[in-house]
Amino acid sequence: MFKDLLIYNTVSKKKELFKPIVEGKVGLYVCGPTVYGHAHLGHSRPAITFDLVNRYLTHIGYQVRYVRNITDVGHLVNDADEGEDKIGKLAKLNALEPMEVAQMYTNSYRRNMAQLNVLPPSIEPTATGHIIEQIEVVKKILDAGYAYESEGSVYFDVQKYATDYEYGKLSGRKIEDLQANTRSLDGQDEKNSSLDFAIWKKAAPEHIMRWPSPWSDGFPGWHTECIAMSTKYLGEKFDIHGGGMDLMFPHHEAEVAQSCAALGHESVNYWMHNNMITINGQKMGKSLGNFITLDQFFDGEHEYLDQPYSPMTIRFFMLQAHYRSTLDFSNEALQAAEKGLDRLLKAVDTIGKIKTAKESTVSINEMIEKAYAAMDDDFNSPIAISQLFDGVRIINSLADEKESINGSDLAKLNKFYQEFVFDILGLQNVEANGGADDSKLNEVMDLLLTLRVEAKANKDWATADKIRNELTKFGFEIKDLKDGFEWKIND
RNA sequence: GGUACCUUGGCCGAGUGGCUAGGCAGUGGUCUGCAAAACCAUGUACGGCGGUUCGACUCCGCCAGGUACCUCCA
């Protein structure tokens, strides 16, 4: 019943045939945002990538439990304010409760995701809501002998772990290479080795976010939250774990190590990593100062932006590149995506206007098969989209009655576009008529443009042109159609 | 410095050992009172130098350039 689906597994560096642990069901875990700032373009890449994965798996019949966490505690910072929690730090600057800050950015993130038509996950657990589970993970690792306590903090003993398991198998790193690099981190002298990472951290006096534990009042290490939550909601073994490539090391490597240490085996069958978005060839990141928030994209308020870009343009732009490739942002590229998307969505509308004939002179099966085959080949959305564009040509020829199609083929074509464009790719039709939901405005426009049509019928070009020119001055864009008109408001 | 990856036509971006990716822009055309829009048609590109091969953009080596990770970031 299920199709053969290939997924590129970071561990094996190969495409592997997907086999779920439980027939017909998929457990999917994706690292969500750290809520200490507004979501920027970079955040939308994993969100859209795994939204596509979620949508496609669902489409082909799987029941997906999609868990995406909210990191609202736990990132140690290594800048001037050493060892402080990012969220705690910002909260003090703003004189707000840490949870208030976390909630504000969580709300903001969810709003942006909804705008991008990213479906909400099945479960969206927060790190602060799972302190007990994380403490349990730390205890298990201590009991297993792969961690040690030092000055109220608990560190994962990488050296010890490496004698029993392979540390670095996910990221392809070798212990010796890692040791060659020295680092200066907070609490370095408390650690036996620079490779060790904190799984429980004692809170400094000024640290607001803290919880009691057997070792100290403190907070869990960043890497511990995902393993605690994925185990709780998806089990000790689950199908797919996703995230950005930048999380591969150390975060995901540490997750693998912790699950082996705590559970005695690995948890994840398929590791999937999306590539980065670049801006002027460089990664977009908070610390680089070159990031553009999603809200800025949507309203065009940023020095890099020539114009606003709709959420669907952003979404389509991302889907036109494969998730494992870097994608370079530029106004030119986004404008191209905007126009291409427009053309695609118009064609989908056009399908409804096609008249059926007795015989089909076009063949659509190959296109449909190729589009699905592309998705089955490690979610190759750009190839699938190229097939959709091939179909646009067919659709337009049919609408122009240069080709013909029979009823069952037309139904098939329609189903294919509805499902592929809306359900799988998650694209949405932007509002017609400039998004004006002001019915009075619609009536007035209808009146004026109907007058114009009448003037044209009477060959009264002066009046017809006057109406169009005046409306253009007010920022309306008027288009003549064969049997009527169309208008929109230009921003 | 270590590790990995990348380099495709004006721009973005797929892909393959020999067969048109696709989008945008450009060009030509159709339609239109005009205009806009729309539609149709059109582009033999794969960083450099060697090698393997009947044949390489696709495999191997070297060189150049770039990026990411190694420390918080998707």
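So that the names make sense, note that chain A is the first sequence line, chain B the second, and so on, each numbered from 1.
A perpendicular orientation is assigned to the rings of A:H223 and A:F197, their planes being inclined by more than 60° (bins at 30° and 60°). Note on ring orientation: taking the six-membered ring where Trp is involved, the planes of A:F416 and A:F420 are tilted (angle from 30° to 60°).
Remark: B:rA68 base-pairs with B:rU3. Criterion, Watson-Crick or G-U wobble with two distances under 3.5 Å. Remark: B:rC11 base-pairs with B:rG23. Criterion, Watson-Crick or G-U wobble with two distances under 3.5 Å. A 3.5 Å limit on both hydrogen-bonding distances identifies B:rG61 as the Watson-Crick or G-U partner of B:rC49. With a cut-off of 3.5 Å on both Watson-Crick or G-U wobble distances, the partner of B:rC34 is given as none.
Residue pairs meeting the ring-ring contact (aromatic ring centres under 6.0 Å, His included) criterion with at least one partner in residues 307-337 of chain A, sequence neighbours excluded, are A:F297-A:F329.
When the P atom is used for both B:rG55 and B:rC39, the distance is 45 Å, rounded to whole Å. Separating the P atom of B:rC40 from that of B:rG22 is a span of 13 Å, rounded to the nearest Å.
Comment: A:K466 does not engage A:E470 in a salt bridge, judged by the lack of any side-chain N to carboxylate O separation of less than 4.0 angstrom. The existence of a salt bridge linking A:K456 and A:D460 is excluded, since no basic side-chain nitrogen approaches an acidic carboxylate oxygen closer than 4.0 Å.
Comparing atom distances between the A:D390 side chain and each of B:rG22, B:rC72, B:rC70 picks out B:rG22 as nearest.
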- Scan nucleotides 6-19 of chain B nucleotide by nucleotide, 5' to 3', and note B when protein non-hydrogen atoms come under 4.0 Å of the base, S if they reach only the sugar-phosphate, - if neither. -----SSSSS----
- Contact string for nucleotides 32-39 of chain B, one letter per nucleotide 5' to 3', B = base within protein heavy-atom range under 4.0 Å, S = sugar-phosphate only, - = neither, reads -BBBBS-S
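Here the side chain of A:Q159 pairs no donor or acceptor atom with the backbone of A:L195 at under 3.5 angstrom.
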